[in-house]
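Taking it in order: structure first as structure tokens, then the write-up.
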Protein chains: 2
Amino acid sequence: MKPPLPPAHRAAWRAFISAYWRVTARIEAGLTARALPTLAWYDVLYGLYLAPGHHRRMSELADHVLLSRSGLTRLVDKLEQKGLLVRNACPSDGRASHAQLTARGVEALRKMWPTYRDGIAAHFSSRLNANELATLTALLDRLAAEPAEQAGRKES
Amino acid sequence: MKPPLPPAHRAAWRAFISAYWRVTARIEAGLTARALPTLAWYDVLYGLYLAPGHHRRMSELADHVLLSRSGLTRLVDKLEQKGLLVRNACPSDGRASHAQLTARGVEALRKMWPTYRDGIAAHFSSRLNANELATLTALLDRLAAEPAEQAGRKES
DNA sequence: GGGAGATGGTTGCATATGCAACTACCATCC
DNA sequence: GGATGGTAGTTGCATATGCAACCATCTCCC
């Protein structure tokens, strides 16, 4: 197969995939062991929590959660059924709607946060020292950044 | 929410998740643009390709691909239907079966590899220099290592 | 030999997820 | 005002994925 991709690049790629899956699986295991919802639930609720007034447009939220639009629609449906958030019409744009965190949503967030936090610490951030963590963050941020050619464009 | 998780840890965690999703999405986009199968297909075929004799036990394969057992069963079903591999009974263990790459499977692998390779290079490995790549690999490998293993090898 | 328990693999079922089509609405041009 | 094109969000459909139950087989121990 004559791979012109250097071994170091391959090793890095494999380490990247492997680390992601293993770490997230360990953290998810901690959540399910306590009968808590998945990371996606947390991300949506937390994304709303961070926003001023605890509400955000669906599209902004989808971007934050790294989920497709349709996926977010379904997830928000579930969260709304559980009473953790409500949908409000956007006053300035009839097409858009805002997801608004409820008191119960904040409560749910508080309840799951300790487990999530401990998972991140145990399986991720506490396994590296401060310098290493900073280095890792900088490298990952560069990888996540939009490619230069498409920096100004909306399509990915 | 009083997060005792330091901001640097949070930033690192978010960068980790974000980088993974964005990079893999870009690479997958390249594959689908050429009507090629997904990364999972490639990983299975390549996992077999690497093995001596181009065959491996299902369980070993599942570990390599980072997929659940049942997920692998289904994926291998599809690949077998396409004629890219065959299942053989394991001579030494009646429970186990081996997946054996076929000539067509090797062919399929050769066909998709250039696109995959270019995707990895363009969206991942070529965005960092050699030193950075080595650093990243080392850090990710430590994160991926089993907790017990990590505990025993505490250092730095 | 034969039962108890563990392991490899498959399948039923439920859930998750994405793409593409669709509706409703906004913005622009004429 | 009305047509045209673009955007926000939802839904139909197909697929992917995992957990847990299940069968067959192996290992261990008596």
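Per chain, numbering begins at 1; letters A, B, ... match sequence-line order. Fair warning: this is a prediction, and the values are worked out from it, not measured in the lab.
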Residues 92-100 of chain A side chain polar contacts: donor-acceptor under 3.5 Å, at least two apart:
{"from": "A:Asp93", "atom 1": "OD1", "to": "A:Arg95", "atom 2": "N", "distance (Å)": "2.9"}
{"from": "A:Asp93", "atom 1": "OD1", "to": "A:Arg95", "atom 2": "NE", "distance (Å)": "3.1"}
{"from": "A:Asp93", "atom 1": "OD2", "to": "A:Arg95", "atom 2": "NH2", "distance (Å)": "2.9"}
{"from": "A:His98", "atom 1": "ND1", "to": "A:His55", "atom 2": "ND1", "distance (Å)": "3.2"}
{"from": "A:Gln100", "atom 1": "NE2", "to": "A:Gly53", "atom 2": "O", "distance (Å)": "3.0"}

Side chain proximity check, [X] to [Y], heavy atoms < 4.5 angstrom:
| X | Y | result |
| --- | --- | --- |
| B:Leu31 | B:Thr38 | no |
| A:Glu80 | A:Leu84 | no |
| A:Leu143 | B:Leu128 | yes |
| A:Thr137 | B:Phe16 | no |
| B:Leu45 | B:Tyr49 | no |

Worksheet, complete the sentence: The side chain to side chain contact (heavy atoms under 4.5 Å, CB included) partner of A:Val76 among A:Leu85, A:Leu48, A:Val86 is A:Leu85

Practice prompt. Name the orientation class of the two ring planes belonging to B:Tyr20 and A:Tyr20 (parallel below 30°, tilted from 30 to 60°, perpendicular beyond 60°).
Written response: parallel

Worksheet item: Which part of the nucleic acid, if any, lies within reach of A:Thr73 when heavy atoms closer than 4.0 Å are counted: base, sugar-phosphate only, or nothing?
Response: base

Practice prompt. Say whether, by atom type as modelled, one donor and one acceptor occur between the side chain of B:Arg56 and the main chain of B:Leu50 under 3.5 angstrom.
Written response: no

Practice prompt. Please list residues of residues 80-92 of chain A whose heavy atoms come under 4.0 Å from any atom in DNA chain C, ordered by number; otherwise none.
Written response: none

Find the distance [X]:[atom1] to [N]:[atom2] and express it as a whole number of Å.
| X | N | atom1 | atom2 | answer |
| --- | --- | --- | --- | --- |
| A:Asp63 | D:dT7 | CG | C1' | 16 Å |
| B:Asp93 | D:dA24 | CG | C1' | 10 Å |
| A:Leu79 | D:dT10 | CG | P | 13 Å |

Response to the item:
DNA chain D nearest-nucleotide lookup for B:Gly94 and A:His98: closer to the 5′ end is A:His98

Please report, to 0.1 Å, the donor-acceptor pairs under 3.5 Å made by any side chain of residues 59-69 of chain A, with sequence neighbours excluded.
{"from": "A:His64", "atom 1": "NE2", "to": "B:Arg14", "atom 2": "NH2", "distance (Å)": "3.4"}
{"from": "A:Ser68", "atom 1": "OG", "to": "A:Ser70", "atom 2": "OG", "distance (Å)": "3.3"}
{"from": "A:Ser68", "atom 1": "OG", "to": "A:Gly71", "atom 2": "N", "distance (Å)": "3.1"}

Can you name the atoms? Protein N/O to nucleotides 4-7 of chain C N/O, anything below 3.5 Å, with the distance.
{"from": "C:dT7", "atom 1": "O2", "to": "B:Arg95", "atom 2": "NH1", "distance (Å)": "2.8"}

Worksheet item: Listed by chain and number, what are the salt bridge (Lys or Arg N to Asp or Glu O under 4.0 Å) partners of A:Glu28, not counting sequence neighbours?
Response: none

Fill in: Under 4.0 Å protein heavy-atom contacts per nucleotide of nucleotides 15-23 of chain C, with B for base, S for backbone only and - for none
-S-BB----

